[in-house]
Amino acid sequence: MNSLQCELPLAITSHKDRDTFTHVIYDYYKESGRDLPWRQTRNPYHIFVSEFMLQQTQVERVLKKYGHFILMFPDFETLHRASLLRVLSFWSGLGYNRRCIYMKRCAQIIYTLHGGALPDSVDTLSRLPGIGRATASALVTFSYDRPTVFIETNIRRVFLHFFFGQGERVPDAELLTCVEKTLDRSSPRIWYYALMDYGTMLKKFRENPNIRSKSYKKQPPFEGSNRQVRGKVLKVLVAEPHLSENEIALRTKTQSHRVGKVLSELEKEGFI
DNA sequence: TTCCGGCCCT
DNA sequence: AGGGCCGGAA
């Protein structure tokens, strides 16, 4: 069964429609589910690393970094004890470098307060730095195969596509209700893998349904932005930590007052 | 040039 | 509630 064989939108209130939905998703997964390295492990630390990397970075790019990273930093203790600069050097290329700081702070807390074992409660995980509802839930479900309710971008796309037809500015709360009502509680890990794979497929051959989400926002241009300068400055700094402001400006071809601004921001955030 | 993505801070 | 963060693919 595929999505072209059922009338859309499906009604979340209809048992028959929910059943159809389940079959469409699982049939696609059986045929075309992705075999990703962080799906082959039950090691909560490995899953923790993958979830942080996948927060704002596409699978293809994470694939190039994940294996090497967990080899270099094999557990929470190693990550906690490593210098931030060294962790950043293996992170470099993934973007959103603040995630490195959050990861290290998580590692410290998990090592010192939780005996090096990833907590198994969504509430506890949500209180850790850099971990919000989606990541906390994903960690519990993928590490411990326990049913939780969450959405990320692929899941959001799937539910908008099947249950919200032409709906505009759909709030996440409504999508979460659908996720909860269709969750396969007997096999949550596989169910969420299947949802995400279907969502990835959906975006390949039709307009992205996520623009109909209330949380969708158009981004400001990257070229010339402060984010771009930050990225360049940090990259240079990771390679040569002791460069002066003027040297950094020269190497990044950026006005030194912009470099100075970025440096003080990075310092405030704990990068240097 | 446009697009994507979850968390934190304001 | 809204803005900022990254780098690479399309």
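Lettering follows sequence order; numbering is per chain, from 1. For the numbers below, each heavy atom of this structure counts, side chains included, while hydrogens, waters and symmetry mates do not.
For Asn97(A) and dC5(C), the CG to C1' distance is 9 Å, given to the nearest whole Å. Rounding to whole angstrom units, CD of residue Gln228(A) and P of dC4(B) are separated by 19 Å. We find that CD1 of Ile101(A) is positioned 13 Å from P of dC8(B), with the value rounded to whole Å. If you measure from atom CZ of Arg169(A) to atom P of dA1(C), you get 11 Å, rounded to the nearest angstrom. Atom OH of Tyr96(A) and atom P of dG3(C) are 15 Å apart (whole Å). To the nearest angstrom, P of dT2(B) lies 17 Å from CG of Asn208(A). Taking atom CG of residue Leu94(A) and atom P of nucleotide dC6(C), one finds them 12 Å apart after rounding to whole Å. Between the CG atom of Leu54(A) and the P atom of dC4(B) there is a distance of 18 Å, given to the nearest Å.
For dC6(C), the OP1/OP2 oxygens have no side-chain nitrogen or oxygen of Arg99(A) closer than 4.0 Å. At dC7(B), none of the side-chain N or O atoms of Arg105(A) fall inside 4.0 Å of OP1 or OP2 (strictly under the cut-off).
Using a 4.0 Å heavy-atom cutoff across all strands shown, Gln55(A) reaches sugar-phosphate atoms only and no base atom. Heavy atoms of Ile131(A) sit under 4.0 angstrom from primed sugar atoms or phosphate atoms, though from no base atom. Nucleic acid contact for Thr135(A): sugar-phosphate only, since backbone atoms but no base atoms lie under 4.0 Å from a heavy atom of the residue. Here Tyr216(A) lies in heavy-atom contact (under 4.0 Å) with sugar-phosphate atoms only. Using a 4.0 Å heavy-atom criterion, one finds that Pro221(A) contacts no nucleic acid atom at all.
In the set dG6(B), dC4(B), dC6(C), dC4(B) carries the atom at the smallest distance from any side-chain atom of Gln58(A). Distances were taken from every side-chain heavy atom of Phe222(A) (C-beta onward) to each of dC5(C), dC6(C), dG5(B); the shortest belongs to dC6(C). Set against dC4(B), dG5(B), dG2(C), the side chain of Lys217(A) has dG2(C) as its closest nucleotide. Of the listed nucleotides (dT10(B), dG2(C), dA9(C)), dT10(B) has the atom at the smallest distance from the side chain of Lys268(A). Nearest nucleotide to the Arg61(A) side chain, out of dC7(B), dC6(C), dG7(C): dG7(C).
With respect to the salt-bridge test (charged N to carboxylate O, under 4.0 angstrom), the residues Arg251(A) and Glu247(A) do not qualify. A salt bridge is absent between Lys214(A) and Asp172(A): the closest approach of a Lys/Arg side-chain nitrogen to an acidic carboxylate oxygen does not fall below 4.0 angstrom.
Aromatic ring centroids of Tyr26(A) and Tyr193(A) lie 6.0 Å or more apart. No close placement of the Tyr45(A) and Phe73(A) rings is indicated, their centers lying 6.0 Å or farther apart. Ring-centre distance between Phe159(A) and Phe21(A): below the 6.0 Å cut-off.
Of the two residues contacting DNA chain C, namely Gly95(A) and Pro220(A), the nearest-nucleotide position lying further toward the 5' end is that of Pro220(A). Nucleotides of DNA chain C nearest to Arg227(A) and Lys64(A) differ in position, and the one nearer the 5' end is that of Arg227(A).
Residue Glu60(A) places no side-chain atom within donor-acceptor reach of the base of dG8(C), judged by atom type and a 3.5 Å distance cut-off alone. For dG6(B), its base sits under 3.5 Å from the side chain of Gln56(A) at one donor and acceptor pair at least.
A cation-pi arrangement, defined by a distance under 6.0 Å to the six-membered ring centre and an angle within 45 degrees of its axis, is absent between Arg227(A) and Phe222(A).
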